[in-house]
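Here's the structure we're looking at; comments come further down.
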Amino acid sequence: MKNSFIKTALLRQYILIFVVLLLLSACSAVPPQEAAHEEPAMHPVSDIVKDDVIYPIDVYDPWEGMNRHIYIFNAHMDDYVLLPVLEAYQNYVPFFLRRGIHNFYSNLTSFEHTVNSGLQLNGEATANNGLRFLSNSTIGLFGVFDVATGMGFPEMKEDFGQTMGYWGVGEGPYIVLPLLGPSNLRDTTGLATDFFIISDFLLNETGMNGNEGWLYFYYMRYGVDARAKVPFRYYESGSPFEYETMRLLYTSGRKVMIGE
Amino acid sequence: MIRSLSFTLSLLLLMTSIAAQAAQHSKDYGYPLDNRYAATIIGTPAEYKAELPTYQQIPVEEYTLKVPGHREIPDVFWYERKGLRYAITAQDKKAPLVFAIAGTGAGHRSAKMRLFQRAFYQAGFHVVTLSSPTVSNFILNASKTAIPGNLKDDSIDLFQVMEQIKNKHTELEISDYYLIGYSLGASQAAFVARHDEQKNVFQFKKVMMINPPLSLFNSVSILDNMLEDNIPGGLDNFNDSYNKTITNVTAYHKSNAKMNIMSADFFYNAYREKDPGDYNMQALIGMAFRMSSSNMIFISDVFNNLGYLVPKNTMMGKTTSLTEYSKSARRVGFSDYVEEIYVPFFIGKTGSSKQQIIDDSSLLSIKDYLLQAEHIGLMHNLDDPILEPGEIDTLKGLFPERAMIYPHGGHCGNMEYKDNVAYMIDFFSQNKKPGKMTSGSAE
């Protein structure tokens, strides 16, 4: 009973997020306001950019206005919340402990990877991820030690966004997610589904019933860990076109991961 | 989600299709990549890197600096308003201090700057890392003209920043000053050292220049051509090349599913399995340079209201879409900027002739200084692809008995190789005169 209540609550949260996303999507991108009376630039866009040429930088981004606002929001969150939390975590928690915590939670993600490899009918990855999960959960003492990598079962990341991509679902509009950064409609749906799978697993299979606080801790830790692994810093690329570049890199990177 | 970003960033480094290539190395030098383009792109494979503490193990502190009398930064570059960013990795006792200057398009936190921090911190130096005067943070916060590319002017800007840092951080106990830079940062290091001879602020004990161009404008035109000559069908067909690259990386990733695409040697392994061909690698190097130079040109254009790519007085805010300008900026070469913006500006500023302005972009313009500056050393590679044939010999001649020329390494590809790191540290730590590497003949 309690589980289904929590699931309903989680589902409500996703719906709320989507509604907010849709409302925000009302703001469209602001084009540059070129002053009417000025002479054209020495190399105006209209002379260089052609209609019949395809530019990789043109990723489908109908919600660019909203996305750019969220990009800036994320940069501020990074500066004032995420990076300071990360720094404190790295400064005050010793390395062996951080690694243990990292391994323990990563092991749970191996479960998600196994499910998604299976859904993509990928025998090799399913076996790899399944054996990884099993060996780390047992010999690796509930995942605290990563013994599987040494045994020849490295992490092979497969998420539900990749699963949908495998089955031919297009990426849809580009979305910048609050805190999490670059995504698209397909991968955002995938993220919500994975969230659901792992929540279900944690609540039902690990005997965590009645300890939902633990679940929130899991996602907090997931956030810190995910941020820690990426050396990226907002606005340090030295490029005024960082938003466009990240958009292209995310989109291309996902294509490679999905193997389209 | 965020995780895939770091992979995607490295993807840019391999827009190539990939032929078996046996690494052959010279007997005396163990750096494994003897293809100049591959070396430039891949750098040093993990097992060949110098053993150094990790970045997380050294005490790097980030700071910002407000340079007095600087112009207001427009809304579209709002994120640069905090000031000039730099970092200090300090010893807890009195120690010599190294200033490090980044190469074109690189910030103070780039991978090669981290190498300097790790190597010199371990060797007992304080390390101050500075962004290249070609990146937005520097142009907007510390450049007086905001027309980057002038070795003399940019170096005076750097010098003043260094002076301000020295005065601000009185907590540092400093015994002596050292200076190092790579690529364009190396050329600037020479000019900074020369400027200091007049000002007597730092009195650098040693200065190390790694892979500088001999003539900035020659190297820039080589890099411009690497892109424009190597995209089949010209830049309008860039999308085809790009898609082909993604397809090739995807295929490689698929057939090596257990290999972590984010691991340091993914691209080295891919390259060893299938050589992408020189023209693809040249295109990639040219593209990386084009991205840096077009960023620089756009910023300089908007900040100075030049009306070059963006019409004068165009209103752009924090969330204005810049996608169309990114397309037009990527089509303008650095050489175009030199011809159309840079040269006219400096003719106006200095009254010099065009030829004089171009000559000033070469290390030959300070030949007399370099020839007698016994504390300045050169580290370079015979096969550096940004040099014209013969330029390496001219460079060697500028640093008599002070040039270390490796047989290969491309452009800065071997900086992390153990011999190179050991040489840098030796050059600074001991007062010995630099030796000569077996070099063979150029080309």
Side-chain angles (χ1 to χ4, degrees), chain A residues 29-35 38-45 48-50 53-58 64-65 68-69 72 75 90 124-125 128 154-156 177 180-183 187 191 226-227 229-236 238-241 244 246 249-250 252-257 259-260, chain B residues 1-9 11-12 56 76-77 79-80 85 105-107 109 131 135-137 236 238-239 242-243 246 249-250 253-254 257-258 260-261 291-292 295 298-299 307-329 331-332 340:
Chain A
V30 190
Q33 304 286 310
E34 298 185 354
E38 284 295 344
E39 55 185 290
M42 194 190 291
H43 294 290
V45 168
I48 302 176
V49 179
K50 299 172 193 157
V53 169
I54 302 169
Y55 298 88
I57 202 85
D58 279 331
E64 186 175 345
R68 283 185 181 271
H69 279 285
I72 294 173
Q90 283 167 344
E124 189 197 1
N128 177 81
E155 182 176 61
M156 291 170 80
L177 292 174
L180 294 169
S183 187
D187 293 343
L191 191 73
R227 190 66 194 92
K229 277 195 260 184
V230 187
F232 177 76
R233 296 288 180 274
Y234 284 92
Y235 301 115
E236 283 198 12
S239 173
F241 312 119
E244 284 85 358
M246 294 304 290
L249 289 175
Y250 176 78
S252 303
R254 291 294 287 180
K255 281 190 176 135
V256 171
M257 299 299 284
E260 276 175 45
Chain B
M1 194 139 304
I2 297 178
R3 272 190 284 178
S4 57
L5 287 183
S6 122
F7 145 68
T8 42
L9 283 172
L11 182 73
L12 243 210
Q56 280 72 30
V76 64
F77 306 128
Y79 46 86
E80 301 291 19
R85 290 191 290 265
R109 285 167 47 84
S131 296
V135 301
S136 76
N137 186 251
D236 275 351
F238 179 71
N239 192 54
Y242 186 79
N243 284 340
I246 297 294
V249 176
T250 305
H253 176 57
K254 238 180 175 169
K258 284 193 180 181
N260 185 351
I261 201 158
M291 288 174 74
S292 300
N295 293 340
F298 179 81
I299 290 158
Y308 187 58
L309 296 164
V310 181
K312 287 181 183 171
N313 304 317
T314 298
M315 299 285 287
M316 291 186 283
K318 284 177 158 189
T319 58
T320 301
S321 174
L322 301 180
T323 309
E324 294 307 302
Y325 290 130
S326 80
K327 295 183 205 168
S328 64
R331 290 305 180 87
V332 175
E340 295 166 346

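Computed from heavy atoms alone, side chains included, the values below leave out hydrogens, waters and symmetry copies. Since the model is a prediction, treat every value here as computed from it, not as a measurement.
Contacts of Asn137(B) with chain A are absent, with no heavy-atom separation under 4.5 Å from either backbone or side chain. Contacts of Phe298(B) with chain A are made by side-chain atoms alone, with heavy-atom separations under 4.5 Å and no backbone atom involved. The contact between Tyr325(B) and chain A is made by backbone and side chain atoms together, counting heavy-atom distances below 4.5 Å.
Chosen from Ser292(B), Ser326(B), Gly307(B), the residue pairing most often with chain A at heavy-atom distances under 4.5 Å is Ser326(B). Note on Lys50(A), Glu244(A), Arg233(A): by heavy-atom pairs under 4.5 Å with chain B, the leading option is Glu244(A). When Gln56(B), Met316(B), Glu80(B), Arg109(B) are compared by the number of non-hydrogen pairs under 4.5 Å with chain A, Arg109(B) comes out ahead.
Residues that satisfy the side chain to side chain contact (heavy atoms under 4.5 Å, CB included) test with Ala106(B), not counting sequence neighbours, are Ala102(B), Ser110(B), Tyr182(B). For the side chain to side chain contact (heavy atoms under 4.5 Å, CB included) test, residues two or more places apart in sequence or in another chain that qualify with Lys327(B) are Val49(A), Tyr55(A), Ile57(A), Asp58(A), Thr323(B), Glu324(B).
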Side chain to side chain contact (heavy atoms under 4.5 Å, CB included) assessment of His43(A) paired with Arg331(B): CA-CA 10 Å; His43(A) 294 290; Arg331(B) 290 305 180 87; over 6 Å; no
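For Ser239(A) against Asn295(B), the heavy-atom pair with the smallest separation is OG-OD1, 3.1 Å. A pairwise comparison of heavy atoms in Ile246(B) and Lys255(A) identifies CG2-CB, 4.3 Å as the closest pair. Considering all non-hydrogen atoms of both residues, Tyr79(B) and Pro240(A) come closest at OH-CA, 3.6 Å. When all heavy atoms of Val53(A) and Asp236(B) are compared, the closest pair comes out as CG1-O, 3.4 Å.
Here CD of Glu340(B) is found 5.5 Å from CE of Met42(A). Values are rounded to the nearest 0.5 Å. Here the CG-OG distance, from Asn243(B) to Ser252(A), works out to 8.0 Å after rounding to the nearest 0.5 Å.
In the model, Glu64(A) has a side-chain atom that pairs as donor or acceptor with a side-chain atom of Ser321(B) under 3.5 Å.
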